[in-house]
Amino acid sequence: MDSQTVISSLNDQQKEAVSTNSIYTLVLAGAGSGKTRVLVHRVAWLIAIDKVPLQNIFVVTFTNKAATEMRKRIEDILNYPTKSFWIGTFHGLAHKFLRIHWEEAGLDKNFQIIDSLDQIRMIKKMLKTLNKSESDFSPKDIQLFINKNKDAGLRPNKLLDGRIEEDSEIIELYRYYDDLCKSSSVVDFSELILRVIETLRNNKDLLERYQNKFNHLLIDEFQDTNTIQYNLLKLLAGNHNSIFAVGDDDQSIYKWRGAKVENMQSFEESFDSTKIIRLEKNYRSTKNILSAANSIISRNSSRLGKNLWTDSHKGDLLSLYRASDERDEADFVISKINDYFNQGNLRSEVAILYRSNAQSRVFEEYLLKYKIPYKVYGGLRFFERAEIKDALAYLRLISNRNEDNSFERIVNIPVRGIGMKTIEHIRNVSNKNNISLWESSKKIIEGNMLSKRANNALYSFVNLIDKIDSLTKGSALSEIVREVIQSSGLIEHYGRDGQLNGEAKVENLGELVSASEGIITSEDISLSPLDDFLSYAVLESGSSQSSSEEDSIQLMTLHSAKGLEFPVIFLCGLEEGLFPHQRSINNQSELEEERRLCYVGITRAKKTIYLTYALRRRIYGIDHFGSPSRFIGEIPLDLIEELNSLELSLSSSTHSGNEYENNKPMQLGQRVIHNQFGEGVILAYEGNGPQARIQVNFYDEGCKWLVLEYAKLKFI
DNA sequence: ATCCGGGCCGATCCG
DNA sequence: CGGCCCGGAT
């Protein structure tokens with residue numbers, strides 16, 4: 001393959017990036033500027049032109065989905081499968097490393113990964129054993145504390161130097177938690193990466209080996225790397241390996257979980273003669289969509305600066321729909337979706353985006369009602385569901401008897417007569433002898449330490465696990481899974497009358513079997529298929545719908561939409577307090593992150609975008625009256641078409657005023673003058689007639705709600 | 001040991 | 001509103 005084949009389809013800046021000789025490259029890639037394309041072609045260039053062997057390349061993506069897709073596209077260009085290719089998320093790659101080097105990392109061979117729900121469970125249990133009340137330290141706060149410190153590379157010991165006295169208790173909890181993880185051989189998300197760094201730092205040979213191996217480090221979504229991830233990258237880079245970082249500071253939306261945009265600014269300082277390449281041509285959206293997005297993001301202060309442009313046509317205006325409440329909003333969205341589908345388009349071309357997961361419920365309800373297939377991303381995902389976690393716990397226990405978390409989760413599910421008292425006993429013996437719950441149970445059974453009934457119950461459980469294990473030795477993975485959900489009694493348990501959503505849960509358990517069939521085992525980790533599957537289940541928790549090939553509407557949060565594109569976008573719930581979120585409204589930098597999130601949302605759209613907001617919305621079962629998001633007002637008026645513009649008739653009542661003024665239709669964005677507050681713009685309104693309330697943003701006085709009848713506004 | 005119901009509290013976003 | 005925890009009844 002010659003160089004032309006690799007870069008012929010690219011524009012000049014993209015070519016420059018793909019074919020660069022620079023050791024350190026920072027690509028500032030605007031939304032829709034062909035970022036993924038550049039990365040994919042860069043890898044192809046390295047392999048085909050620079051003759052770099054695949055195993056010397058290390059590629060970090062933000063999601064598993066992105067990794068899978070990128071790998072596929074690289075294979076398409078190279079025209080051969082990419083075996084033993086280190087491409088994945090930081091977590092996925094760290095996991096791979098730890099599987100290979102579990103010994104050097106001080107882990108058990110078959111360590112398991114826990115997700116954040118498991119982590120909470122563990123913390124709660126820990127508090128119980130330590131006889132601490134959850135009111136002193138909420139489990140969530142402890143979790144936050146632990147993860148925050150791990151993400152900053154700080155172990156309890158490090159924290160104890162120079163600690164503040166009042167922190168010592170929570171640091172002790174952190175230490176205890178780490179011990180607990182060790183004894184049950186589990187690893188949490190943050191631990192994965194921290195452990196890799198520590199292993200490399202404490203093992204010069206290993207570090208050298210990897211520094212010699214990965215000559216080319218490529219990283220996507222660089223703006224969303226946190227401290228420890230960046231440190232890992234620097235460690236691997238050493239003094240001579242090349243780094244090719246791609247990112248967009250305007251799309252940095254993960255500051256809340258420790259991501260540092262500053263990494264982008266400091267990249268140039270950290271690495272000598274960094275070459276900076278800007279990708280500013282947008283290939284995705286129409287001119288109108290891009291103008292709207294640019295107008296919004298231009299309000300932010302701290303930006304590296306990019307000038308995104310397009311030579312596409314103007315396209316449609318952005319549509320704005322004012323819903324009376326969230327049901328009306330959903331109804332509107334559905335009707336537009338039906339129109340679009342009936343014009344012969346695919347459902348999968350449409351995405352409904354929202355700020356928070358809870359908003360998906362109403363949409364789901366309506367989509368179900370109208371029998372429109374859909375797929376939800378995020379929220380409670382497939383592998384996080386209770387029934388699935390139960391089944392996984394059985395599988396984990398089969399793989400590793402000492403995994404206390406799983407033991408406790410399912411020792412009495414389905415109920416088999418092992419109650420609190422028995423479990424308490426098992427825990428005591430386990431604590432006293434410093435052995436796992438499993439070992440402790442066996443000891444108890446042998447010593448006949450319980451009542452006959454309890455002893456029998458416990459025996460039958462221990463026996464069950466052993467039996468499933470020996471029965472399925474050597475069986476295919478899916479056979480093991482099938483056996484587990486059957487003989488554990490889970491199917492029967494969930495299928496029983498009275499179980500909430502019983503059929504759905506049984507169905508999900510069946511899905512788990514199918515999921516285990518589709519797994520392709522990772523090539524270069526010597527992991528049993530079962531352990532491979534268990535890791536996969538945690539790292540890739542999947543969408544919340546069971547997988548199906550059916551053409552369906554895509555529902556997701558703005559965060560999970562990053563990196564994706566759709567012909568038609570519905571950006572919903574554009575209300576102050578919801579988006580921007582209440583918790584960010586009073587903080588300039590957090591508000592700017594919300595604005596970037598909005599920018600991300602709008603730039604997902606290729607052709608059409610609908611913006612919707614609701615005048616009334618139920619949250620926690622209480623009605624809230626919101627006002628339209630400030631972000632709507634940040635889009636130039638001439639780019640927006642209001643689908644149901646305000647046409648208030650004021651004539652119907654006692655209102656005293658001149659006839660013309662009373663009947664004049666009002667529009668959002670209409671400029672008005674108030675005696676006291678001066679000039680402003682109408683942002684929203686509620687109700688009808690003279691009693692209607694309208695919200696005006698006064699240039700000097702800010703936003704105010706006024707009752708139309710008394711406000712005596714002059715329209716100008 | 002298990003079931004049921006009332007009280008309480010809380011959800012931004014992710015791997 | 002809904003999930004989770006706890007306590008009392010069986």
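Protein chains get the first letters and strands the later ones, always in sequence-line order, with residue 1 at the start of each.
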Starting the side chain at C-beta, find the nucleotide from [options] nearest to [X].
X: A/Lys421; options: B/dC14, B/dC13, B/dA1; answer: B/dA1
X: A/Tyr620; options: C/dC5, B/dG10, B/dC14; answer: B/dG10
X: A/Asn412; options: B/dG15, B/dC13, B/dT2; answer: B/dT2
X: A/Lys140; options: B/dA1, B/dC14, B/dA11; answer: B/dA11
X: A/Ala358; options: B/dC14, B/dA11, C/dC4; answer: B/dA11
X: A/Val415; options: B/dG15, B/dC3, B/dC13; answer: B/dC3

Interatomic distance where [atom1] belongs to [X] and [atom2] belongs to [N] [whole Å]:
X: A/Met420; N: C/dG7; atom1: CE; atom2: P; result: 11 Å
X: A/Ile619; N: C/dG2; atom1: CD1; atom2: P; result: 14 Å
X: A/Lys65; N: B/dG15; atom1: NZ; atom2: P; result: 11 Å
X: A/Ile622; N: B/dA11; atom1: CD1; atom2: P; result: 15 Å
X: A/Asp115; N: B/dC13; atom1: CG; atom2: P; result: 16 Å
X: A/Trp256; N: B/dG15; atom1: CH2; atom2: C1'; result: 10 Å
X: A/Arg618; N: C/dG2; atom1: CZ; atom2: C1'; result: 13 Å
X: A/Ile413; N: B/dC3; atom1: CD1; atom2: P; result: 12 Å

Below 4.0 angstrom from OP1 or OP2 of [N], is there any side-chain N or O of [X]?
X: A/Asn357; N: B/dC14; answer: yes
X: A/Thr422; N: B/dA1; answer: yes
X: A/Arg381; N: B/dG15; answer: yes
X: A/Arg361; N: C/dG2; answer: yes
X: A/Ser116; N: B/dC14; answer: no
X: A/Lys124; N: C/dC4; answer: no
X: A/Ser560; N: B/dC14; answer: yes

Considering only the P atoms, how many Å lie between B/dC13 and C/dC4, rounded to the nearest integer?
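Straight-line distance between the two P atoms is 16 Å.
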Determine the sole option in A/Glu575, A/Glu594, A/Glu576 for which the salt bridge (charged side-chain N to carboxylate O under 4.0 Å, His left out) test with A/Arg630 is passed.
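One option only clears the test, and that one is A/Glu576.
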Does [X] reach a base, just sugar-phosphate, or nothing at all? Heavy atoms under 4.0 Å.
X: A/Lys255; result: nothing
X: A/Arg596; result: nothing
X: A/Tyr254; result: sugar-phosphate

Given DNA chain B, 5'-ward residue of the pair A/Arg453 and A/Val538, judged by closest heavy atom
A/Arg453
Pairwise 5' ranking along DNA chain B for A/Gly419 and A/His559, keeping only the more 5' one:
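Of the two residues, A/Gly419 wins.
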Once you measure the plane-to-plane angle for A/Tyr536 and A/Phe533, does it fall in the parallel (<30°), tilted (30-60°) or perpendicular (>60°) bin?
parallel
Would you please say whether a donor-acceptor pair under 3.5 Å links the side chains of A/Ser190 and A/Asp151?
yes
Decide whether A/Gln119 and A/Asn147 meet the rule of one side-chain donor and one side-chain acceptor closer than 3.5 Å.
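Distance-only check passes for A/Gln119 and A/Asn147.
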Sorted by number, the residues of residues 580-593 of chain A with heavy-atom contact under 4.0 Å to DNA chain B
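Here the set is A/His581, A/Arg583.
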Just the table, please: protein N/O against nucleotides 8-10 of chain C N/O, every pair under 3.5 Å.
none

Pick one: which of A/Tyr599, A/Phe579, A/Tyr354 meets side-chain contact (heavy atoms from CB on, under 4.5 Å) with A/Leu558?
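Of the listed residues A/Tyr599, A/Phe579, A/Tyr354, the side-chain contact (heavy atoms from CB on, under 4.5 Å) partner of A/Leu558 is A/Phe579.
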Worked verdict on A/Trp86 versus A/Phe214 for ring pair (Phe, Tyr, Trp, His ring centres under 6.0 Å):
CA-CA 9 Å; A/Trp86 286 67; A/Phe214 295 132; 5.3 Å; yes
Taking atom NZ of A/Lys234 as the centre, report whether more than 12 heavy atoms of other residues, nucleotides or ligands fall under 6.0 Å from it.
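Yes, enclosed.
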Decide if atom CD of A/Glu365 counts as having more than 12 heavy atoms of other residues, nucleotides or ligands within a radius under 6.0 Å.
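Yes - once you tally the heavy atoms of other residues, nucleotides and ligands closer than 6.0 Å, there are more than 12.
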Any strand: nucleotide that pairs with B/dA1 via Watson-Crick or wobble, under 3.5 Å:
C/dT10
Can you confirm if the NZ or CZ of A/Arg99 lies within 45° of the ring axis of A/Phe111 and under 6.0 Å from the centre of its six-membered ring?
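Yes; both conditions hold, so A/Arg99 lies above the ring face of A/Phe111.
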Within 45 degrees of the axis of the six-membered ring of A/Tyr230 and under 6.0 Å from its centre: does A/Lys260 put its NZ or CZ there?
no
Where do A/Asn400 and A/Asn110 come nearest, in terms of heavy atoms and distance?
CB-ND2, 3.8 Å
Presence of donor-acceptor pair under 3.5 Å, side chain of A/Arg257 and base of B/dC14
yes
Charged N-O contact under 4.0 Å between A/Glu590 and A/Arg596:
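No, A/Glu590 and A/Arg596 are not salt-bridged.
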